[in-house]
J.: 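The structure under discussion is supplied below as structure tokens; questions concerning it will follow.
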Amino acid sequence: MKRPPEQDAPAMPSLLVFTIAVLLFGSPLRRLWLAEDAPGYMPFVVWLGVIALGAWAAYRSGGHDA
């Protein structure tokens, strides 16, 4: 018999994306992509990655409002 789905399951990918975004934008890791020798487009690449992860999280959760 199949187990019923958990109520918090759709929120887990969103929490993962939020955690990654906090690490990228709020921790010392931002020095890696904001360094003077980094290409000028690097902040845009980082934002694109966060947006892509958010789109993946929305797709995985079914894309419907709860």
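Values below: all heavy atoms of this structure, side chains included; hydrogens, waters and symmetry mates excluded.
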J.: Counting only pairs under 3.5 Å, give me each side-chain donor-acceptor contact of residues 31-41, with atom names and distances, residues two or more places apart or in other chains.
T.:
| from | atom 1 | to | atom 2 | distance (Å) |
| --- | --- | --- | --- | --- |
| W33 | NE1 | L24 | O | 3.2 |

J.: Hydrophobic cluster membership, with links at side-chain heavy-atom distances under 4.5 Å among I/L/V/M/F/W/Y: are V50 and M42 in one?
T.: yes
J.: Consider only side-chain heavy atoms of I, L, V, M, F, W and Y, link residues closer than 4.5 Å, and tell whether F25 and I20 are in one cluster.
T.: yes
J.: What residues, two or more places apart in sequence or in another chain, satisfy ring-ring contact (aromatic ring centres under 6.0 Å, His included) together with W56?
T.: none
J.: Apart from F18 itself, which Ile, Leu, Val, Met, Phe, Trp or Tyr residues share its cluster (side-chain heavy atoms under 4.5 Å, direct or through members)?
T.: V22
J.: Suppose clustering is done on Ile, Leu, Val, Met, Phe, Trp and Tyr with side-chain heavy atoms closer than 4.5 Å. Which residues sit in the same group as L48?
T.: none
J.: Locate the shortest heavy-atom distance separating L53 from V17; write the atom from each residue and the value.
T.: O-CG2, 3.3 Å
